Amino acid sequence: MPKLTVLPHETLCPQGAELEVPTGKNLCQALLEADIEIEHACEMSCACTTCHVIVKEGFDSLNEATDEEEDMLDKAWGLQAYSRLSCQSKMGDEDLVIEIPKYTLNHAREHH
């Protein structure tokens, strides 16, 4: 099973994390199941950018981004070339390393 490495994030995952995630699993859901409380204000419907992640390694193993996701990513804080919405990204066959950006466009954190 491929490994998902989450780089340290000041509030969500201070020590970082390594998770085994089945191929095809939604990244946002995998993070939430591991008690990494990534924001997902739109309930994973690709209508916001609060679950934005930056893929540091393994980008090409993810499913391809849709036009809808690409349009939403244009609004993400800290957008980079290897940015994805975790709610739209499915784990591939390769190990993955991600960074959760420090900020989102939300003014207030929603606790789902």
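Only a predicted model underlies this, so the values are computations on that prediction, with no experimental measurement involved. Note: hydrogens, waters and symmetry copies are ignored here, and every other heavy atom, side chains too, is used.
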Discussion item. Quick one: does any side-chain atom of S89 pair with a main-chain N or O of R84 as donor and acceptor, under 3.5 Å?
Written reply: no

Practice prompt. Carefully, step by step, assess L19 and K25 under the rule side chain to side chain contact (heavy atoms under 4.5 Å, CB included).
Written response: CA-CA 12 Å; L19 320 168; K25 178 95 174 174; over 6 Å; no

Fill in: Criterion side chain to side chain contact (heavy atoms under 4.5 Å, CB included) on Q80 and K56, from CA distance to verdict
CA-CA 10 Å; Q80 294 189 17; K56 298 294 191 176; 4.2 Å; yes

Item to complete: Over all heavy atoms of both residues, which pair between K3 and D95 is shortest? Give the atoms and the distance, please.
Response: N-OD1, 2.8 Å

Worksheet entry | Side-chain heavy atoms of H52 within contact of I54, under 4.5 Å | yes

Worksheet item: Do the side chains of V21 and L96 join up, straight or via other hydrophobic residues, at under 4.5 Å, putting them in one cluster?
Response: yes

Worksheet, complete the sentence: Rounded to the nearest 0.5 Å, the OG1 atom of T50 sits from the CD1 atom of I38 at a distance of 7.5 Å

Worksheet item: Would a 4.5 Å heavy-atom cut-off, applied to side chains only, mark L32 and E37 as touching?
Response: yes

Worksheet item: Can you get from L31 to L12 by hopping between Ile, Leu, Val, Met, Phe, Trp and Tyr side chains that sit under 4.5 Å apart?
Response: yes

Item to complete: Please round to the nearest 0.5 Å and tell me the distance separating atom OG of S83 and atom CH2 of W77.
Response: 10.5 Å

Discussion item. Donor-acceptor pair, distance only, cut-off 3.5 Å: does the side chain of H9 make one with the backbone of P101?
Written reply: yes

Worksheet item: Looking at OG1 of T66 and CG of L73, how far apart are the two atoms once the value is rounded to the nearest 0.5 Å?
Response: 9.0 Å

Discussion item. Please tell me whether S61 and D93 have a donor and an acceptor in their side chains that are separated by less than 3.5 angstrom.
Written reply: no

Worksheet entry | Passing option when L85 is tested against C28, C46, C42 for side-chain contact (heavy atoms from CB on, under 4.5 Å) | C46

Practice prompt. Calculate, to the nearest 0.5 Å, the distance between atoms OG1 and NZ belonging to T11 and K102 respectively.
Written response: 9.0 Å

Worksheet item: Rounded to the nearest 0.5 Å, what separation is found between the CG atom of N63 and the CD atom of Q88?
Response: 8.5 Å

Worksheet item: Is the closest side-chain heavy-atom distance between L79 and T49 below 4.5 Å?
Response: no

Discussion item. For the backbone of L27 and the side chain of S86, can you confirm whether one donor and one acceptor N or O come within less than 3.5 Å of each other?
Written reply: no

Item to complete: Treat each ILVMFWY residue as a node, draw an edge where side-chain heavy atoms are under 4.5 Å apart, and state whether Y82 and M72 are in one component.
Response: no

Item to complete: Treating Ile, Leu, Val, Met, Phe, Trp and Tyr as nodes and any side-chain heavy-atom pair under 4.5 angstrom as an edge, say whether I36 and V53 lie in one connected cluster.
Response: yes

Practice prompt. Report the distance from atom CG of L62 to atom CD1 of I98, rounding to the nearest 0.5 Å.
Written response: 9.5 Å

Fill in: Nearest atoms (heavy-atom pairs only) where P8 meets P14
CB-O, 3.4 Å

Worksheet item: If you look at every heavy atom in A65 and E70, which pair is closest and at what distance?
Response: CB-OE2, 3.3 Å

